[in-house]
Each structure stands twice: as C-alpha cells, then as structure tokens.
Novice: 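Have a look at this one.
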Protein chains: 2
Amino acid sequence: MDQVEIFKALSNKTRLQILGWLKAPELHFPEQPNADFENVGVCVGQIQLKSGLSQSTISEYLSILQRADLISSTRLGQWTYYKRNKEGLEKLSEIINTEL
Amino acid sequence: MDQVEIFKALSNKTRLQILGWLKAPELHFPEQPNADFENVGVCVGQIQLKSGLSQSTISEYLSILQRADLISSTRLGQWTYYKRNKEGLEKLSEIINTEL
DNA sequence: TTGGTATATCGGGAAAAGTCGATATACATT
DNA sequence: AATGTATATCGACTTTTCCCGATATACCAA
C-alpha cells in the first residue's frame, strides 16, 4: 500500500470521523442485533445514518479506508460490517515515527 | 491546526519525501556553508534541486508543510531554511494513537 | 543605485477528489 | 418467482489539488 494513499484516505473530515466512531462503536452506535461490534464491526447503514451523507458517498468512503488498510469488512447476510484494522493503524504510526 | 489539513499536507509524494529528507539532511543534501542542518535546516534551493519540481511549486509545498506544523523556517540573509518540527510530528503521532 | 540571487506570490490549465442521484447487484422473505 | 432491503457501482457536476511560468519582493554586493 502506497503511503500517499493512506494519507489521502485520512484527508477528509468524514473519513476521520468514521475511524473515530469505529474506535469505540458502543459509544457512537445503537445496539446491533446478530453482530457484535468487536467481532464484525458496524454496518454501512448505521455509519451512513450518523454521517448524514448519501449512501453512495459513504460506501465509497468505506472502500477508500479499506484500500488504505485502515478498516476491514465482513459480509453477514445482506449487511456489510466494517471495523477498525489495528494492524494498518499500527503500521501508520510506525511510518510516522520512523520515516517522517 | 485542523487535523484534516495535516493529513492533506502529507497526501503528496513530494511533500512526504521532503519530510524524509529533512529527517536526515546530512544524508540527502551537500554540506552548507554558514548554516548547519541541526539549527536552521536546509535552504529552499537545495530542496528544490533535489525534488526536480519548479521553484514555485516547492516554495508552496514548504508553506503547506509549515502551515501543518510539520516543519519550521528560519530566514538567514537571502536564504530561508526549513527543518523538521519535532513537536508537530509528535502531536500527529499522538492523534493517530489516541483518536483513530 | 543598479544589478544579481533567493524566495514568495499570482494566475491558470489539467487532473483528482467530493458528492450526489440513479441504477445494478446480492441476499432474504414470502 | 416476485418483492423488499442493504450495499456497491456508475455517470455527472462542482470543488480542490497539482504544478507550471511569470512576476513581485527581499536581501546582498558592487
């Protein structure tokens, strides 16, 4: 993954917010039936609702974050759940501490 | 400083390279008369030369990095020297570790 | 004060990102 | 099979970023 793409993914207020929400889903989203936050994350619809942006925009934003390895997804039935990707974020932290 | 602006500043290959060069100027730039790397940094002309981009572009890039608190500048005679801003980079690292 | 060098700012054209509504796809339920 | 719901993709339009050359400003030297 190109470093520039990681920073581009983070260069947007809504995408930064999404990462913040996913860091503590229980604080930012209502209870979910059939899928716990820790294991699978939060479904697209909830994220969209909270963001106030259109469904298509949020879907694209999530895939940008995913391409940057900052989040990961799981499909369960008709829902796609996204959660933080700890490894990707640790790698980012390392880039900043060692290369910049 | 807005977090988004920090990440935007980092969303460009050349600007990332500049930060990398400024992390270890002695490895990336020739000796400078009258100004040592540790205290004042590297002058715009040297950075431009190494980047291969135009003078105006590099001048703008440096000011983008400076507005994001990632570098700082010192004017000495007709030269402006830029160096890494440790504090800003530490703050960035903290943002990533605590908010994302 | 005239000219030379270093850097900053301005104006612009091309490319990329932001964001939407419409449509497609995937899955579930009846 | 038909319909409904969740998400992804497409096409378009607007705004922002990239990067340049030209020009302005600041400082220095003769």
Side-chain angles (χ1 to χ4, degrees), chain A residues 1-19 21-22 25 29-30 32-35 40-68 70-83, chain B residues 2-19 21-22 29-30 32-35 40-68 70-83:
Chain A
M1 186 59 196
D2 182 12
Q3 292 181 195
V4 173
E5 292 304 311
I6 299 175
F7 290 115
K8 278 187 185 170
L10 296 169
S11 301
N12 175 282
K13 181 146 165 286
T14 303
R15 291 195 297 265
L16 279 179
Q17 286 178 322
I18 291 172
L19 282 175
W21 297 336
L22 293 180
F29 299 100
Q32 282 182 148
N34 288 330
V40 296
V42 183
C43 79
V44 179
Q46 290 301 315
I47 298 171
Q48 190 231 318
L49 210 63
K50 190 158 177 79
S51 75
L53 296 185
S54 75
Q55 189 273 316
S56 55
T57 297
I58 292 307
S59 179
E60 173 157 23
Y61 281 9
L62 290 169
S63 87
I64 289 171
L65 289 169
Q66 179 162 233
R67 275 200 300 280
L70 298 169
I71 62 179
S72 65
S73 68
T74 312
R75 180 115 203 189
L76 274 190
Q78 35 191 161
W79 293 275
T80 308
Y81 297 87
Y82 283 91
K83 68 177 177 189
Chain B
D2 182 11
Q3 291 181 194
V4 174
E5 292 304 312
I6 299 174
F7 290 115
K8 279 187 184 170
L10 296 169
S11 300
N12 175 282
K13 181 147 166 286
T14 304
R15 290 194 297 264
L16 279 180
Q17 286 178 323
I18 291 172
L19 283 175
W21 297 336
L22 293 181
F29 299 99
Q32 283 182 147
N34 287 331
V40 295
V42 183
C43 77
V44 179
Q46 289 301 315
I47 298 171
Q48 190 232 319
L49 209 63
K50 189 158 178 79
S51 75
L53 296 184
S54 74
Q55 190 272 317
S56 55
T57 297
I58 292 307
S59 178
E60 173 159 22
Y61 282 9
L62 290 168
S63 86
I64 290 171
L65 288 170
Q66 181 162 231
R67 275 199 301 277
L70 299 169
I71 62 179
S72 63
S73 67
T74 311
R75 180 116 203 186
L76 274 191
Q78 38 191 160
W79 293 275
T80 306
Y81 297 87
Y82 283 91
K83 67 176 177 189

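So that the names make sense, note that chain A is the first sequence line, chain B the second, and so on, each numbered from 1.
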Novice: So, is B/K8 near the phosphate of D/dT16, with a side-chain N or O under 4.0 Å from OP1 or OP2?
Specialist: no
Novice: Between the base of C/dA8 and the side chain of B/E60, is one N or O donor paired with an acceptor at under 3.5 angstrom?
Specialist: no
Novice: With a 4.5 Å cut-off on side-chain heavy atoms, are A/S56 and A/E60 touching?
Specialist: no
Novice: Nearest whole Å is fine: how far is D/dA26 C1' from B/L76 CG?
Specialist: 14 Å
Novice: Would you mind reporting whether A/V42 and A/W21 have side-chain heavy atoms less than 4.5 Å apart?
Specialist: no
Novice: Which nucleotide, D/dT7, C/dA8, D/dG21, lies nearest any side-chain atom of A/C43?
Specialist: D/dT7
Novice: Is there a donor on the side chain of A/S54 or the base of C/dG21 sitting less than 3.5 Å from an acceptor on the other?
Specialist: no
Novice: 5'-most contact on DNA chain C: A/G77 or A/R15, nearest heavy atom basis?
Specialist: A/R15
Novice: Any side-chain N or O of A/Y82 less than 4.0 Å from the OP1 or OP2 oxygen of D/dA6?
Specialist: no
Novice: In whole angstrom, give the distance that lies between atom CD1 of B/I18 and atom P of D/dC19.
Specialist: 11 Å
Novice: Expressed as a whole number of angstroms, how long is the span from A/Q78:CD to C/dT29:C1'?
Specialist: 9 Å
Novice: Check the distance between D/dC18's P and B/Q48's CD and give it to me in whole angstrom.
Specialist: 18 Å
Novice: At under 4.0 Å, does any side-chain N or O of B/N12 touch on OP1 or OP2 of D/dC18?
Specialist: yes
Novice: Quick check on D/dA8: is either OP1 or OP2 less than 4.0 Å from any side-chain nitrogen or oxygen of A/T80?
Specialist: yes
Novice: Give the minimum heavy-atom separation between B/G77 and B/R75, together with the two atoms involved.
Specialist: O-NE, 3.3 Å
Novice: Can you check the A/L65 CG to C/dG18 P distance for me, whole Å?
Specialist: 11 Å
Novice: What is the separation between atom CG on B/L49 and atom C1' on C/dA6, rounded to the nearest whole Å?
Specialist: 13 Å
Novice: When you measure from the side chain of B/S73 to the backbone N and O of B/Y82, does any donor-acceptor pair fall under 3.5 Å?
Specialist: no
Novice: Indicate, yes or no, whether a donor-acceptor pair under 3.5 Å links the base of D/dA6 to the side chain of A/Q55.
Specialist: no
Novice: In whole angstrom, what separates B/L62's CG from D/dC19's C1'?
Specialist: 14 Å
Novice: Taking only side-chain nitrogens and oxygens of B/Y61, does any of them come within less than 4.0 Å of OP1 or OP2 of D/dC18?
Specialist: no
Novice: For residues B/L19 and B/L10, report the shortest heavy-atom separation together with the two atoms involved.
Specialist: CD1-CD2, 3.3 Å
Novice: Within the structure, does a side-chain N or O atom of B/R75 lie under 4.0 Å from either OP1 or OP2 of C/dA8?
Specialist: no
Novice: Rounded to the Å, how far apart are B/I47 CD1 and C/dA6 C1'?
Specialist: 13 Å
Novice: From the set D/dA6, D/dG21, D/dC18, return the single nucleotide nearest to any side-chain atom of A/W79.
Specialist: D/dA6
Novice: For C/dC20, take OP1 and OP2 only and decide whether either is under 4.0 Å from a side-chain N or O of A/T57.
Specialist: yes
Novice: For a quick check of understanding: with a heavy-atom distance under 4.0 Å over all strands, which category does A/T14 fall into, base, sugar-phosphate or nothing?
Specialist: nothing
Novice: So do A/L22 and A/K83 actually touch side chain to side chain, heavy atoms under 4.5 Å?
Specialist: no
